[in-house]
Structures are given as structure tokens and as C-alpha cells.
Amino acid sequence: MEFPSELKYTEEHEWIKIEDGNIAVIGITEFAQSELGDIVFVEVETVDEELEANEVFGTIEAVKTVSDLFLPANGKVLEFNEKLNDEPELVNTDPYGDGWIIKMEISDLADLDSLLDSETYKNQIGQ
Amino acid sequence: MTEVREVPLKHVHEALGAKMIPFAGFNMPVRYSSDLEEHMTVREGVGIFDVSHMGEFYLKGEGALDLIQRVSANDASVLYNGKAQYSYLPNESGGVVDDLLVYRIDEDEYMLVVNASNIEKDWNHIQKYNTGKVEMVDWSDDLCLFAVQGPKANATLQKLTHIPLDNVEYYTFTKGTFADVPNVILSATGYTGAGGFELYVPKETAEEVWNKIMEAGAEFEIKPIGLGARDTLRLEMGYCLYGNDITDQTSPLEAGLGWVTKFSKEFTNSEDLKAEKAAGLQNRLVGIELIDRGIPRSHYVICDAEGEKIGEITSGSMSPSLKKGIALGYVKKEFAKAGTEIYVEVRNKKLKAEVVKTPFVKAGV
């Protein structure tokens, strides 16, 4: 399994990539998608909302289970990956690429310091 | 549940890449590759399940039929040698101890196949009514159970036996040599609606049989199938799952088990069930298809257009065949008719749904 070193990770199995200034892309890790199995529905209805870190910004449904998605830092949800409406399986096939879930504006980049780097995340999941 | 038990072929599943999870007290393969792929493999080709966690009781003796008639709701007196029957064990307080299959092996010789999570409960329940004449043997640890299901199941299995399998009718079984192993029970039953067989195999030869089936099925691209797909397959057929749709508390009549409840004989709680039926059922277990986009799950609330609660989902999933949310759930009787518009609460939203007849998907048997 891959856990790109340029990404940050959360204990809730999300990854965060800083794109431009304080704009970040969020998705779930390869480990998370493999634990969940086939993703059949991704629902995000918080676009344009200001949320706090650890608040639920959406839900991801596999055939057998439903999981909440948690915002990794305080900020505003800017965009949902609309491709996932028709192709939720992109989360399985390309979790770090076309399977991204939201873009957000991070209020304070210092919040990112508490996130995990890829080595720490790998250790946490026993990889 | 104190200790999680292993099925004899654990190492085989692990070598096939199975993700194992504790289920009904056993570590079971939930998925080998993908739930959706495994599901469609069974609908369109052939898949093999290891469901050796299931329990098997052997009943022998003059009173065997009487005992079965006393504890189960269906009429086992209509069985003949080689005939199997779906039935359930009612409890004394209006609920269900378990659902099961009753196999008549011979006169005064039966096999009962019960759910893994209920083996001990069922055993004790049946023994309570056994007045001593019937010998009961727990075969659960000696037998492995493989379900080979799908439109290519018979073609796969036929390569391994001289028994003409197409002549074995649905819900009948035969015992014979299969894959060079004697005394395999080949039962034309299953929990998928996709056709095929369930094979009861002595534990010592189980791995050999599994491997030979995998080899024989290679030309049909046979795949091992996990419990995840087993659940979506049975849900598409509207089959009840014990622990979800039927429990110690649910009325078997409300659950739609009236067709296997035969008041022509006396059985545990039959008087109360008869009275319940006469008084009219208050709720019904119905099939539900979501019209709005979303996936119903167990325990989600069902409501009417005004938002009044009218019931609860007991099993729900995305249907891999239909690509929409389907469920079983109890609703008040006024809402039980097919075509009735209802709503399912999913994360504080009310999604439009419809009561439908089951099966959700046309059966292949």
C-alpha cells in the first residue's frame, strides 16, 4: 500500500494535500478504502460551510458500512468532487488522485502541525 | 461471545487473500476481492462460499419426526427421503428461536441445519422438548459446508460426480461420492437465489473437495465469495437473516413466515400464533426500494409523508444488481401494500421510498 510522503494524514484515515497557499485537498487513504470495500456513495452537503476540525463534513458508504468523514482542520469547505456522484469507485481505484473528496480553505495552517506524516500514519495502521 | 473460533479452511481463505472478520463467533472470510464483484460473480457465473460455521444436528430415533413437529412450525410430515424444508423454531413468547433447514435422510433420521450464532441456544431449546427417545448428535464440528452458487454451479460440480445433478430438484438432496470423497451430501439449496448446491463434507476431506471445486470451476472463472456478498445476495432475494429481520422478539407471522407456519399440527406456541393471526397482524416485514438516492441501513426509521414513524429497517444495502438502495423493514400494516410510498430517515433527511414485492431481483432457481 502506498502512503505518499508529501501528504499529511489523520487518525481518521484521511489524507490532506496543501495545493496552493491555504487551499487543501482531502481524501481517504488507500488503507481506509481497502478496509471499507467497494465505495458506492459519497455524500457531501457542507460546501460553503465553515466547520471546525473534527466536525463531520460528509459520509462515505461502502456496500456494507457507512462512515463519517471528518474535517482535518478548521476551515471552509470549498468544493466537492462531483465526479464521485457517478463514479464513487474512484475512491477505491485512485484514492490519492481522481478519488479526492473535497477541497477546503484552512483557517490557520498551524493546525496542520498536529497531523501525522506518512511514516507515523503507517506505524499507526501497522503497515 | 467469549472466544472466536476458526473454520478448518482458515489457511486456505487467507492464502486467497480473504479479509477475515469475527461473525457469529467465528472468524469468517467477509471479502476476498470486492463485494460487488463477488456478488455479480454469483449472479452471472459461479462462486464458492465456505459457510462451515453453520450448525448441523443429526436426529435419530422413533420419535424424531414428533420432536421436529413439536419444535418447528412447518409440517415436516410431508418430507420424504431426500427432501429438505425451510422452517423455524418458534419460542414460547411469540418470537423466533432460529430459522433452519430440515432434511429427511431416512425414516426416523433427520438433519437440522441452524445458524452458527444459535447452535447452543437451538440445541438446548430442542433438547428441552426431547422426551428422551431421540438421539441427537451435534455434527457442527465434523462437517464443513460449502455453497456453490450461480448459473454455472451445476456445470462446475457435475465434473466431479456421476450423480446427475440436474435431476436433483430445488430443495431436495442426495448423498454420494463427490470428488472421490464418499458420503458428501449434495443439497440443491442456497441463500442466494442464484441456483446451485450446498455441500456437506466431512471435515477431513474438506480441503481436498474445496480445491477440486476451484479447479473444476476454473473454466467458468469460479471465485471464492465472502459473507459480504452473501448478505447482499440474500437481501436481493428478500430472504430473512436471523438476528436482523427475525429475532427472539419478532413475530414470525409479521416476518412473513406464515407460509412455513402450519396450524394443521400442534407446535411450540402454536395456540398463541393462531390467535395472533386471527386477531390480525399489526406490522409486516416488507421489501423497500429507495426512489431517492441513498442507502437504507439496519435500524433507520421508516416514516410516512407527514414524518410519523411507521417502522424500522432491519436489513439494508445498496443492491449490486439494481444499483439502488433496497431494504427489509417492518411497517404498520396500513403501509404494507406494494406500491405504498414511504420515507426512510437517512442522516436527518427523509428519502422517498416504495414498498415492493420481494424478491427484488428475479430468482435463478
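If you're wondering where the values come from, they're calculated on a predicted model, not measured in any experiment. Lettering follows sequence order; numbering is per chain, from 1.
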Side-chain touch V63(A)/I295(B), heavy atoms, less than 4.5 angstrom: no

If you tally heavy-atom pairs under 4.5 Å against chain A, which of A229(B), G316(B), P320(B), G228(B) wins? G228(B)

Listing needed: what donor-acceptor pairs below 3.5 Å join chain B with chain A?
residue, atom, partner, partner atom, Å
K19(B), NZ, E35(A), OE1, 2.9
R31(B), NH1, S34(A), O, 3.1
R31(B), NH2, L36(A), O, 3.2
S34(B), OG, D38(A), OD1, 3.1
S34(B), OG, D38(A), OD2, 2.7
D35(B), N, D38(A), OD2, 2.8
L36(B), N, D38(A), OD2, 2.8
D231(B), OD2, K64(A), NZ, 2.4
R293(B), NH2, N85(A), O, 2.6
R297(B), NE, E61(A), OE1, 3.0
R297(B), NH1, V63(A), O, 2.9
R297(B), NH2, E61(A), OE1, 2.6
R297(B), NH2, A62(A), O, 2.8
R297(B), NH2, T65(A), O, 3.3
S317(B), OG, V63(A), O, 3.4
R347(B), NE, E43(A), OE1, 3.3
R347(B), NE, T59(A), OG1, 3.1
R347(B), NH1, E61(A), OE2, 3.2
R347(B), NH2, E43(A), OE1, 3.1
R347(B), NH2, E61(A), OE2, 3.0
K349(B), NZ, E43(A), OE2, 2.8
K349(B), NZ, E45(A), OE1, 3.2
K349(B), NZ, E45(A), OE2, 3.0

Measuring heavy-atom distances to chain B, does I39(A) have an atom under 4.5 Å in its side chain, in its backbone, in both, or in neither? neither

Which pairs of donor and acceptor atoms, one on a side chain in residues 355-365 of chain B, lie under 3.5 Å apart (sequence neighbours left out)?
none

